[in-house]
> 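I have a structure I would like to understand better, so I am pasting it below and will then ask my questions one at a time.
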Amino acid sequence: MRYQAYFIDLDGTLYHGTKAIPEAIDFMKELEQKGIPYLYVTNNSTKTPQQVAEHLHQLGFPADANKVYTSAMATAAYLQEEMSSPDVFVIGEYGLEQAVQEVGCRIVQEEAEAVVVGLDRDFHYDKLSIAVKAIRAGAKYIGTNADRVLPTEAGIFPGSGSINKAVEWSTGVEPLFIGKPEPIILRYAAKRLEVDLAEVLMIGDNMDTDILAGVKSGMETLLVLTGVTDQATLERYQIQPTYVVKSLSEWKFN
């Protein structure tokens, strides 16, 4: 099958921190040469598309901002389409704040109609208190993504899901998550490219996020064993990817 487009995860699939995976660079260059539409799809809500593209470019990948789709962008799309760009209280960093403001949302401290929670490395008790008060007053509670931890070159740190768990525990309200493994982010990504999800291949290294998101969305999936999921781990899953490769050099375009 010739896929009409590709969705490609980042860390573990294309690079490890600041080190590119050489086979992945060749894969992306070939994809670019063939003129096949694609999006880099990431759960990272802290960076703007421009910042993500700059990082990819520095590592040697073809990249520009309009080929990046983040959980912050998908969250903003949801706020715009489903809630008509409400006033929001944001726990998150610049990438998330910019995304919600670009769709007409006003960031407020009081009387928020929605509370949006992403990774925030300046998270503190006052932010938690404002979020809890707003949600208990009826604000819609949205999480960018449920990742419990954030792997870095310096070790494993708390992720967006850890912050969301504090808010959920304090309010008794479960968030609507937007990012992988939920299909919402992929639906908005497909809308951006004007393609049907059934015609898109989801590529990633993580069964719990990338591949599960694809399966939930009715997509075919490609697991690359360069990141989180190895062959032994894969065998323990009930769901399985459509394809498995040791590296992206094994993938043959039709």
Side-chain angles (χ1 to χ4, degrees), residues 1-16 20-44 49 52-53 55-57 59-71 73-74 77 81 145 178-231 233-235 237-254:
M1 175 180 181
R2 177 177 171 82
Y3 296 98
Q4 298 302 305
Y6 287 69
F7 291 163
I8 303 132
D9 174 58
L10 299 180
D11 205 353
T13 302
L14 301 183
Y15 57 78
H16 298 123
I21 300 171
E23 297 88 346
I25 294 178
D26 294 338
F27 171 87
M28 290 307 308
K29 287 182 176 179
E30 185 173 359
L31 187 62
E32 184 86 11
Q33 289 169 358
K34 290 181 177 298
I36 302 172
Y38 66 87
L39 285 175
Y40 297 113
V41 179
T42 175
N43 271 358
N44 189 332
V52 175
H55 178 59
L56 286 164
H57 183 71
L59 295 179
F61 292 97
D64 56 66
N66 65 7
K67 291 183 178 178
V68 174
Y69 202 75
T70 71
S71 63
M73 297 167 69
E81 295 192 13
N145 60 295
I178 302 295
K180 299 175 290 185
E182 302 309 318
I184 298 174
I185 187 172
L186 301 188
R187 289 203 296 266
Y188 282 122
K191 188 172 184 178
R192 184 182 181 91
L193 286 185
E194 299 182 341
V195 294
D196 190 299
L197 280 172
E199 300 175 331
V200 183
L201 183 67
M202 178 70 224
I203 302 175
D205 70 298
N206 192 326
M207 286 293 295
D208 292 324
T209 55
D210 310 315
I211 303 306
L212 183 56
V215 171
K216 283 185 174 183
S217 302
M219 302 170 65
E220 295 195 346
T221 58
L222 170 64
L223 176 71
V224 58
L225 301 175
T226 53
V228 171
T229 306
D230 58 22
Q231 186 65 50
T233 304
L234 172 61
E235 292 172 1
Y237 281 86
Q238 288 188 330
I239 66 165
Q240 291 290 300
T242 313
Y243 313 100
V244 181
V245 295
K246 291 181 180 179
S247 79
L248 286 172
S249 65
E250 296 179 16
W251 180 251
K252 304 301 180 185
F253 292 96
N254 293 332

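Note that the coordinates shown come from a computational prediction; the quantities given were computed from them, not determined experimentally.
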> State the CG-CD distance between Asn145 and Glu182, to the nearest 0.5 angstrom.
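Separation between the atoms: 10.5 Å.
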
> I need the Thr226 OG1 to Lys246 NZ distance, nearest 0.5 Å.
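One finds 13.0 Å between OG1 of Thr226 and NZ of Lys246.
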
> Measure from the side-chain N and O atoms of Thr229 to the backbone N and O of Met207, and report whether any donor-acceptor pair falls under 3.5 Å.
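Indeed, once roles are kept as given, a pair shorter than 3.5 Å links the two residues.
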
> So, taking the atom named CG in Leu223 and the one named CD1 in Ile211, what distance separates them when rounded to the nearest 0.5 Å?
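Here the rounded value is 5.0 Å.
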
> For a side-chain hydrogen bond (donor to acceptor under 3.5 Å, both in side chains) with Lys180, tell me which candidate from Thr42, Thr209, Asp210 qualifies.
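With Lys180 as partner, side-chain hydrogen bond (donor to acceptor under 3.5 Å, both in side chains) holds for just one option, Asp210.
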
> Report, one line per pair, each donor and acceptor closer than 3.5 Å where one atom sits in a side chain of residues 183-197; sequence neighbours left out.
from: Lys191; atom 1: NZ; to: Glu81; atom 2: OE1; distance (Å): 3.1
from: Lys191; atom 1: NZ; to: Glu81; atom 2: OE2; distance (Å): 3.0
from: Asp196; atom 1: OD1; to: Ala198; atom 2: N; distance (Å): 2.8

> Can you list the steps and then say if Leu201 with Tyr243 is a side chain to side chain contact (heavy atoms under 4.5 Å, CB included)?
CA-CA 10 Å; Leu201 183 67; Tyr243 313 100; 4.0 Å; yes

> May I have the step-by-step check of side chain to side chain contact (heavy atoms under 4.5 Å, CB included) for Ile36 and Tyr3, ending in yes or no?
CA-CA 8 Å; Ile36 302 172; Tyr3 296 98; 6.0 Å; no

> How close do Tyr69 and Ala74 get, counting heavy atoms only, and between which atoms?
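Shortest heavy-atom separation between Tyr69 and Ala74 comes out as OH-CA, 3.5 Å.
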
> Suppose we screen for ring pair (Phe, Tyr, Trp, His ring centres under 6.0 Å). Which residues come up paired with Tyr15, at least two apart in sequence or across chains?
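For Tyr15 the ring pair (Phe, Tyr, Trp, His ring centres under 6.0 Å) partners, ignoring immediate neighbours, are His55.
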
> If only atom types and distance count, is the side chain of Ser217 paired as donor or acceptor with the main-chain N or O of Ala213 below 3.5 Å?
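Pair found, side chain donor or acceptor close to backbone of Ala213.
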
> Measure the spacing between CH2 of Trp251 and CG of Leu222 and express it to the nearest 0.5 Å.
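One gets 5.5 Å once the value is rounded to the nearest 0.5 Å.
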
> Between OG1 of Thr70 and CD1 of Ile178, what distance do you get to the nearest 0.5 Å?
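Output value for this atom pair is 11.5 Å.
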
> Any heavy-atom pair between the side chains of Ile203 and Leu248 that's under 4.5 Å?
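Contact flag for Leu248/Ile203 side chains = yes.
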
> Shortest non-hydrogen contact from Met73 to Pro49?
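Distance-wise, the nearest heavy atoms are SD-CG, 3.5 Å.
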
> What side-chain donor-acceptor pairs closer than 3.5 Å can you find for residues 26-34, not counting sequence neighbours?
from: Glu32; atom 1: OE1; to: Tyr38; atom 2: OH; distance (Å): 2.6
from: Glu32; atom 1: OE1; to: Lys67; atom 2: NZ; distance (Å): 3.2
from: Glu32; atom 1: OE2; to: Lys67; atom 2: NZ; distance (Å): 3.2

> Minimum heavy-atom separation for Ile25 to Leu59, with atom names?
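Looks like CD1-O, 3.4 Å.
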
> Is it the case that the side chains of Asp205 and Thr13 hold a donor-acceptor pair, with the cut-off being a distance below 3.5 Å and no angle test?
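The criterion, which ignores hydrogens and geometry beyond distance, is satisfied for Asp205 and Thr13.
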
> Starting at CD1 of Ile8, measure out to CG of Leu39 and round the result to the nearest 0.5 Å.
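So the CD1 of Ile8 and the CG of Leu39 are separated by 8.0 Å.
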
> Minimum heavy-atom separation for Ala63 to Ala53, with atom names?
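Closest pair (atom of Ala63, atom of Ala53, distance): CB-O, 3.7 Å.
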
> Please check: side-chain N/O of Gln240 versus main-chain N/O of Leu234, any donor-acceptor pairing under 3.5 Å?
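Yes, Gln240 side chain to Leu234 backbone: donor-acceptor pair under 3.5 Å.
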
> Within a strict 4.5 Å, meaning less than it, do heavy atoms of the Leu56 and Leu10 side chains meet?
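The answer is yes; the side chains approach within 4.5 Å.
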
